Structure formats: structure tokens, C-alpha cells
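Notes to accompany the following structure.
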Protein chains: 2
Amino acid sequence: MSTVTKHLQSHQRRPEARPQELLKAALDLFAEKGYSATRLEDVAIRAGVTKGTLYIYFENKAALFRAVVEDGIFPVLDKGEDIVANFAGGTSELLSYMTQTWWTLVGESKLSGICKIMVAEAANFPEMAAYFHNEVIVRGERLARKIIETGINTGEFRAIDIEVAVDSLFSPILKLMLWRHSFANYSQSALEPRAYIEKHLDIVLNGLMAGAKS
Amino acid sequence: MSTVTKHLQSHQRRPEARPQELLKAALDLFAEKGYSATRLEDVAIRAGVTKGTLYIYFENKAALFRAVVEDGIFPVLDKGEDIVANFAGGTSELLSYMTQTWWTLVGESKLSGICKIMVAEAANFPEMAAYFHNEVIVRGERLARKIIETGINTGEFRAIDIEVAVDSLFSPILKLMLWRHSFANYSQSALEPRAYIEKHLDIVLNGLMAGAKS
DNA sequence: TATTAATAACTAACTGGACAGTTATTAATA
DNA sequence: TATTAATAACTGTCCAGTTAGTTATTAATA
């Protein structure tokens, strides 16, 4: 065992850039493989460093994951809250705009993988699950509720159960995100996500029954 | 290291009962922890045997999981196909009956955990994912399609996109199943699943818009 | 401006625990 | 007594987290 090890390569030192590069690599791998199956060594290699370096910037695997969530999802929620607070048009238009924006910023991006991870690993990492639930899900649901409440208050929507309406509207988009990271290669859909979302909104807004309006 | 080991206990030999007991124990643990995080030793112990015995009855972990799926879900799909083939009433009633039956047989049972596992691990176990997709998801979707096609043909439903309608109707139930095994402890719903499902069907059948019928 | 001392970014190699799968041995049962 | 269910102890591998050692970079001093 040679204690005198040759270090053949010289390594750039860029302490400002490392955290973001590690977060990007981590998001890629977490989204692809899930939490447990992602190896920190792979994350490090993808970011162009070794595992030891990763531990300089992040305390442990859980802290890295938390940082990925905060870095990726919080800005999207901020944006969503901003849109809802400032939107001028009708509630149906807001719903359509919000879901399409969500799809662009989350569904299409690697962030949609976070959602799969949380469903998958919540039972094994209760602390992580509680954090994600409180910081992301609750916040997202509050946003959705607000939209539907507005629709009911303006008389645009019927006075249905808001909790259920939130899920009737957003569960298919959740499914779309989950499928992208699970069965995408096996289930070939005839539709693009954006068209799918529009058709879905049409169904939920206007109903399946013949004789329902427009 | 004593090669001469004392075997203090005497062990019952019940080769007929073992497989079912192992399947039951495996379903419990898979549903609770997921696929990777479930240890075969724990499955064996819960079934009252040791790990070596498990390997007498199942070739490996993947084979055990496959057996759990076949043993648990195939009978439910059989039953679903039977119901659809023989139902007499209207399509809305059939939808309601099917979703409630599904909830009783799958949602409420440990089987709902299988769904979570597949979403979670599909990317890491492509063979398992392909199998599950072809044998369970495709079969379930075919069933759902048939119901909606019937509704359109009888004039009960509008001529909407069937693929989208299937998801508009069933995604919230999927969400209910996934949540049961992930965020259940954090998100307290005001509604029981059965009431939730009825309200959801009301929304999708009749629409969210004010002025849509009944 | 050239030299050198201090700092900390970074690496490579290690540790320890976990777990899928194997096997030699024991003992129940037909 | 022959068969085989069942066990206990093992092997090999994987991986999060640690640490001892190396070197790029900064800045103080000559």
C-alpha cells in the first residue's frame, strides 16, 4: 500500500461554481434513478469532482437532496403565486395558463422527477416527506384552492367540494409527470402533453355527460 | 468458528403453506417499504422461516415480486373484466360501481402499494416495468376505454378523446392510492375515499362550470 | 516583482454496515 | 432409511460517509 500516491492530474479549484454544478448533476441523477439508487460518487463524477469534494459543500445525501428541491422548485412556486395574485382574465383562462406554465417549468424539466422520488421514498424517509409535504405540496394545493375558490365566488364554477376539484383538475398532470419517469418507454400516447392538458381541462370544466354545455 | 453448531429449535415442515405465507409477508413489506428497501430476510422472518427457505420457493427477489403481482392483481383484473362484460345498467352507474369495487379490492388493500412500487422503481428495473405495464396497466386501460366507448356509443357521453377521459376519470384514484403509501400521515383529508370518489365522478361527469347540467 | 508561508479545495483510499444470493449441515417426515 | 424442508453461517458486492495526504490559490513579506 503506497502511502506516497501519485496525483497525476491537476485539478481546477472553483469553489463558487461547484455547488450549482453538483446540484445540477444531482437533479439529473435523482430524477433518473430515484433517491436511494443514486450514488453520490456518480453525482460527483458527473459534476467533474470526486465524492470527497461533494461532502465539502453538502453535509450528507439528505442535505443534497433538500438543496436540489429548494433550488429547483421554490422559484417555480414563487412564480405560481405571483401569477395567481396578478392575473386579470377569467378563472378558466387562469387554470389553463397555470397548468401549461407548470408543465413548461416542471413537467418538461428534470424537476418532474422530484415528484416521483417523493412518492417513492416518502415511507422510508419520513423527515424528507414531511418537509416536502409542508413546503411544496401544501403550498401548491393552497394555490390551486385559491383559483377554484375564485371561480366559485365569481359564479363561473359550481359550488363543488374544493379539495376534490383540486384533485380532479391536477391529478392527471401528476400522472403525466410520474409516467414520464416510469412507464414512458412502454406507453406510447397519441397526444402531446400540452394537447392532453387542454383536452383534460375541457372534460373537467364542461363534463363528460352529453348535454353538458359547449 | 465452531463448525459444530447447535440447532436448538425443531422446525415444522409445511411445504404446501409456505408459498402463500411468503407471498403475504412479501406484499406487506413491499407495500410498506418499496421494492429495493425490502429485505428478503425480513420477508422470511415475517413468514416464520429463514431466508434460505425463501429461496427454495422463489428463484430470486424479482421472481418473488412478480409472484406477488400475479397472485394479488390478476384476480382483480379478472373480476373487473367480468363486471364490464356483464353489467346491465347505465354507463355512469357502471363507472361508479367499478371505481368503488376497485377501491375495495385494491385501494383499501395492500395491493395499492404495488402501484407505488412500480412508479418508483420502473426506471431501475425495466424488465419489471415492461411486464407490469403490459400485464396490468394495458389491461386496466383497455377496461376503462371500453366503459367510456360504450358511454359514447349509447349517447350518454360526449364524443371526447377516450385516452384523456380515462385519465381524467382514474388519475385521482391513482393519486389516492399513491398518497396512502406516501403522504398519508401528513395530509389529512376531510373526506373518506368513497365519498371523495363519488364527488370526483360528479365533477368529471357533469363538469365544473356553472350551468353544466345537474 | 519574486519568494514563501498559510489556507482550503480537492483527491484517493479506506471503513463499516447492509444485503442478495449460496452452501454445508441438520432433522422432520414419508 | 431416503428424501428434502429448513437452517445457520457464509461470501461478495455495493455504497454512504471519513480521513490522511496533496496541491492550487491567495496574500503577506522581502
Side-chain angles (χ1 to χ4, degrees), chain A residues 1-23 25-26 29-30 32-68 117 121 124-125 127-128, chain B residues 1-23 25-26 29-30 32-68 117 121 124-125 127-128:
Chain A
M1 220 150 297
S2 75
T3 320
V4 183
T5 314
K6 280 286 186 53
H7 293 259
L8 297 174
Q9 301 176 341
S10 76
H11 307 278
Q12 278 188 43
R13 304 171 65 168
R14 301 183 297 111
E16 304 80 16
R18 295 298 186 212
Q20 274 302 318
E21 292 170 352
L22 285 162
L23 286 174
L29 288 178
F30 279 142
E32 187 186 322
K33 294 171 157 344
Y35 182 76
S36 297
T38 292
R39 296 171 28 176
L40 292 186
E41 189 161 16
D42 290 344
V43 172
I45 288 171
R46 179 178 282 233
V49 294
T50 57
K51 193 168 42 155
T53 301
L54 192 155
Y55 276 90
I56 293 171
Y57 297 102
F58 300 96
E59 196 189 342
N60 52 36
K61 197 177 187 179
L64 174 64
F65 179 75
R66 178 178 292 219
V68 167
I117 292 182
E121 316 260 14
N124 296 321
F125 300 91
E127 222 164 290
M128 218 164 83
Chain B
M1 215 153 301
S2 76
T3 320
V4 183
T5 312
K6 280 286 185 51
H7 293 261
L8 297 174
Q9 301 176 338
S10 74
H11 307 279
Q12 278 188 41
R13 304 173 64 171
R14 302 184 295 111
E16 304 79 16
R18 295 298 186 211
Q20 273 302 318
E21 290 170 354
L22 285 162
L23 287 173
L29 289 178
F30 279 142
E32 186 186 324
K33 293 171 155 347
Y35 181 76
S36 298
T38 292
R39 296 169 34 178
L40 292 186
E41 189 162 14
D42 289 345
V43 172
I45 288 170
R46 178 177 284 234
V49 294
T50 58
K51 191 166 47 154
T53 302
L54 192 156
Y55 276 90
I56 295 171
Y57 298 102
F58 300 97
E59 197 188 342
N60 52 36
K61 197 177 187 180
L64 174 64
F65 179 75
R66 178 177 293 219
V68 167
I117 292 183
E121 316 261 17
N124 295 322
F125 301 89
E127 221 164 290
M128 220 165 80

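We name chains A, B, ... by the order of the sequence lines, and we start the count at 1 in each one. Since we're looking at a predicted model, the values are computed, not measured.
A distance-only check finds no donor-acceptor pair linking the side chain of Lys33(B) to the backbone of Arg39(B) [under 3.5 Å].
The CD1 atom of Ile45(B) sits 12 Å away from the C1' atom of dC19(C) (whole-angstrom rounding). One atom, CG of Leu54(A), and another, P of dG17(D), lie 10 Å apart when rounded to the nearest Å. As rounded to whole Å, 10 Å separates atom C1' of dA16(D) from atom OH of Tyr35(A). Per the geometry, CD belonging to Glu16(B) stands 12 Å off C1' belonging to dA30(C), to the nearest Å. Atom OH in Tyr55(B) sits roughly 18 Å away from atom C1' in dA24(C) (whole-Å rounding). Straight-line distance from the NZ atom of Lys33(A) to the P atom of dC15(D): 9 Å, rounded to whole Å. Between the CG atom of Asp42(A) and the C1' atom of dG17(D) there is a distance of 16 Å, rounded to whole Å. One interatomic measurement links the two molecules: CG of Asn60(A) to C1' of dT18(D), which rounds to 13 Å at whole-angstrom precision.
Here CG of Leu40(B) is found 10.0 Å from CG of Leu29(B). Values are rounded to the nearest 0.5 Å. Note that OG1 of Thr38(B) and CG of Leu64(B) are 9.5 Å apart. Values are rounded to the nearest 0.5 Å.
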What does the list of N/O pairs under 3.5 Å between the protein and nucleotides 2-6 of chain D look like, with a distance for each?
from	atom 1	to	atom 2	distance (Å)
dT4(D)	O2	Arg13(B)	NH2	2.6
dA5(D)	O4'	Arg13(B)	NE	2.9
dA5(D)	O4'	Arg13(B)	NH2	2.7
dA6(D)	OP1	Gln12(B)	O	3.2
dA6(D)	OP1	Arg14(B)	N	2.7
dA6(D)	OP1	Arg18(B)	NE	2.9
dA6(D)	OP1	Arg18(B)	NH2	3.1
dA6(D)	OP2	Tyr57(B)	OH	2.6

What donor-acceptor contacts under 3.5 angstrom involve side-chain atoms of residues 15-23 of chain B, with partners at least two apart or in another chain?
from	atom 1	to	atom 2	distance (Å)
Arg18(B)	NH1	Glu21(B)	OE1	3.4
Arg18(B)	NH2	Gln12(B)	O	3.0
Gln20(B)	NE2	Asp71(B)	OD1	3.3
Glu21(B)	OE1	Arg14(B)	NH2	3.2
Glu21(B)	OE2	Arg14(B)	NH1	3.2
Glu21(B)	OE2	Arg14(B)	NH2	3.0

All N/O donor-acceptor pairs, side-chain side in residues 41-59 of chain B, below 3.5 Å, sequence neighbours left out:
from	atom 1	to	atom 2	distance (Å)
Arg46(B)	NH1	Asp28(B)	OD2	3.1

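In this pair, Phe65(A) and Tyr35(A) present their aromatic rings perpendicular. The plane angle is above 60°, beyond the 30 to 60° band.
In terms of polar N and O atoms assigned as donor or acceptor, the side chain of Lys51(B) comes within less than 3.5 Å of the base of dG21(C) in a complementary pairing.
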Review point. Pairing of DNA chain C as dot-bracket, 5' to 3': ( ) intra-strand, [ ] crossing, | other strand, . unpaired, with Watson-Crick or G-U pairs under 3.5 Å?
Key: ||||||||||||||||||||||||||||||
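Comparing Gly52(A) and Ala37(A) against DNA chain D, the residue whose closest nucleotide sits nearer the 5' end is Ala37(A).
By the side-chain hydrogen bond (donor to acceptor under 3.5 Å, both in side chains) test, Ser36(A) is found to be paired with Glu121(A), residues two or more places apart in sequence or in another chain being considered.
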